[in-house]
K.L.:
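Sharing a structure here in structure tokens format.
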Amino acid sequence: MRRTPALRRLFSETDLTPARLVLPLFVREGSKVRNQVKSMPGVSQTSVDEMLRDVARAADHRLGGVILFGIPESKDASGSGAWSEKGAVQNAARAIKHEFPEIAVITDVCLCEYMEHGHCGIVRDGDVDNDATLDVLARVAASHAEAGADIVAPSDMMDGRVAAIRSRLDADGFHSTAILSYAAKHASAFYGPFRDAAESAPAFGDRRSYQMDPANAREALREVEADLAEGADAIMVKPAGPCLDLIWRVRQGTDHPIVAYQVSGEYAMIKAAAALGSIDEKAAVMESLTGIRRAGADIIVTYFAIEAAARLRE
Ligand code: PBG
């Protein structure tokens, strides 16, 4: 059954298609900005005009979607840049919907990039105040919906945010904006390069009081259950490679779409090993993505989305 390429193709159990891939984009204000992210070779922060060139490539490769992260010019203690009508994410969502209606627009809903302290919520007495953060997140999600986002994706890990976002979206008339909840999200060392890209490293402490302990899987199932009960339309598991078991377990427990995020550190590891000549980059990319699909993910967010789609086209 493995003897020839034809037989291997016939008996392949797992398919990967560009439609299942989502490309993360880091957008900032201004024009003609393209700043390489040092820890992620091949990834840049861009202004909206430059970003549209990347989205054109994504659309040309028929990717399923893009997920937007914003980097504001200034940060404060309330994260006000996150819901600004003219923020980079809002401008980017409007522009993409206008020029590339064929590609789904997902927006990451979080406060870490917009807070002067870099935490994902409002901080009181040195720690994140879960309940005080919910209204702010809902407001951010509504501003993304207003700008045209198809799907809002809260990544903050506050309890109750999906319900808060759903009721705000409905109240504001955005009944058909979907919620992709980062439900099972570990406090992972593999987010390191992202914090460089999004300029969102916490100024003190870490995220372990709100993101999950990587030792826990049953807790992830409870998070998924809670978020679905609150109205999540799809579930994110993150990181992907270190959490294949979680993807599999969530798959057994729900029929909702599962999205897995192959995060910045997973990307950087493959890039670094390939740069050293230790592994074949293209093969490693395809194998890692196929493994994530095989574990049960319907959709994969990956910085390799265009590279993988190009490979699939070959
Ligand atoms: C925002 C957020 C993070 C990532 C996605 N959304 C960083 C974090 O939680 O610290 C990580 C993505 C990546 O590493 O590629 N909270």
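Keep in mind that what you see is a predicted model, and the values were worked out from it rather than measured. For ligands, and for the atoms within them, numbers begin at 1 and follow the listed sequence.
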K.L.:
Which donor-acceptor pairs under 3.5 Å do the side chains of residues 293-306 make with protein atoms, sequence neighbours left out?
P.N.:
from: Arg293; atom 1: NE; to: Asp15; atom 2: O; distance (Å): 2.8
from: Arg293; atom 1: NH1; to: Ala297; atom 2: O; distance (Å): 3.0
from: Arg293; atom 1: NH2; to: Asp15; atom 2: O; distance (Å): 3.2
from: Arg293; atom 1: NH2; to: Asp15; atom 2: OD1; distance (Å): 2.6
from: Asp298; atom 1: OD1; to: Arg251; atom 2: NH1; distance (Å): 3.4
from: Asp298; atom 1: OD2; to: Arg251; atom 2: NH1; distance (Å): 2.9
from: Asp298; atom 1: OD2; to: Ile258; atom 2: N; distance (Å): 2.8
from: Thr302; atom 1: OG1; to: Gln262; atom 2: OE1; distance (Å): 2.6
from: Thr302; atom 1: OG1; to: Phe304; atom 2: N; distance (Å): 2.9
from: Tyr303; atom 1: OH; to: Tyr261; atom 2: OH; distance (Å): 2.8

K.L.:
Is the contact between Asp156 and ligand 1 made by the side chain, the backbone, both, or neither, using heavy atoms and a 4.0 Å cut-off?
P.N.:
neither
K.L.:
Could you find the nearest protein heavy atom to atom 12 (C) of ligand 1 and give me its residue, atom name and distance?
P.N.:
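For atom 12 (C) of ligand 1, the nearest protein heavy atom comes out as Phe194 CD1, 3.3 Å.
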K.L.:
Can you sort out which atoms of ligand 1 are near Phe69, meaning under 4.0 Å from one of its heavy atoms?
P.N.:
5 (C), 6 (N)
K.L.:
Under the 6.0 Å and 45° cation-pi test, does Lys185 pair with Tyr210?
P.N.:
no
K.L.:
Can Glu307 and Lys271 be counted as an ion pair, charged N to O under 4.0 angstrom?
P.N.:
yes
K.L.:
Among all protein heavy atoms, pick out the one at the shortest distance from atom 15 (O) of ligand 1; state its residue, atom name and that distance to 0.1 Å.
P.N.:
Tyr303 OH, 2.6 Å
K.L.:
Distance from Ile151 atom CD1 to Ile67 atom CD1, nearest 0.5 Å?
P.N.:
9.0 Å
K.L.:
Considering only heavy atoms of Cys110, which atoms of ligand 1 have at least one such atom less than 4.0 Å away?
P.N.:
1 (C), 16 (N)
K.L.:
Going by an N to O cut-off under 4.0 Å, is there a salt bridge joining Lys38 and Asp196?
P.N.:
no
K.L.:
Tell me every residue that passes salt bridge (charged side-chain N to carboxylate O under 4.0 Å, His left out) with Arg124, counting only those two or more places apart in sequence or in another chain.
P.N.:
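In terms of salt bridge (charged side-chain N to carboxylate O under 4.0 Å, His left out), with neighbours along the sequence ignored, Arg124 is linked to Asp129.
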K.L.:
Could you tell me the separation between the CG atom of Asp213 and the CD atom of Glu219, rounded to the nearest 0.5 Å?
P.N.:
7.5 Å
K.L.:
Heavy-atom contacts with Cys120 under 4.0 Å: which atoms of ligand 1 show up? List them by number with element.
P.N.:
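Per the distance check, 16 (N).
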K.L.:
Look at atom 14 (O) of ligand 1 and say which protein heavy atom is nearest, naming residue and atom and giving the distance to 0.1 Å.
P.N.:
Ser264 OG, 2.7 Å
K.L.:
Can a salt bridge be assigned to the pair Arg28 and Glu73 using a cut-off of 4.0 Å between side-chain N and carboxylate O?
P.N.:
yes
K.L.:
Out of all atoms in ligand 1, which are within 4.0 Å of some heavy atom of Lys238? Include the element for each.
P.N.:
2 (C), 3 (C), 4 (C), 5 (C), 6 (N), 11 (C), 12 (C)
K.L.:
With heavy atoms of Cys112 as the reference, note each atom of ligand 1 found under 4.0 Å away.
P.N.:
1 (C), 16 (N)
K.L.:
With a cut-off of 4.0 Å, which atoms of ligand 1 are near a heavy atom of Tyr261?
P.N.:
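Listed by number with element, the hits are 12 (C), 15 (O).
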K.L.:
I'd like to check which ligand 1 atoms, numbered from 1 as shown, lie under 4.0 Å from a non-hydrogen atom of Ser155.
P.N.:
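This gives 1 (C), 2 (C), 6 (N), 16 (N) as the contact atoms.
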K.L.:
Show me which atoms of ligand 1 lie under 4.0 Å from any heavy atom of Lys185.
P.N.:
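So the answer, numbered in order with elements, is 1 (C), 2 (C), 3 (C), 6 (N), 8 (C), 9 (O), 16 (N).
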K.L.:
Run the salt-bridge test on Asp135 and Arg168 with the 4.0 Å N-O cut-off and return the result as yes or no.
P.N.:
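No, Asp135 and Arg168 are not salt-bridged.
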K.L.:
Glu113 versus ligand 1: do any nitrogen or oxygen atoms come within less than 3.5 Å of each other?
P.N.:
no
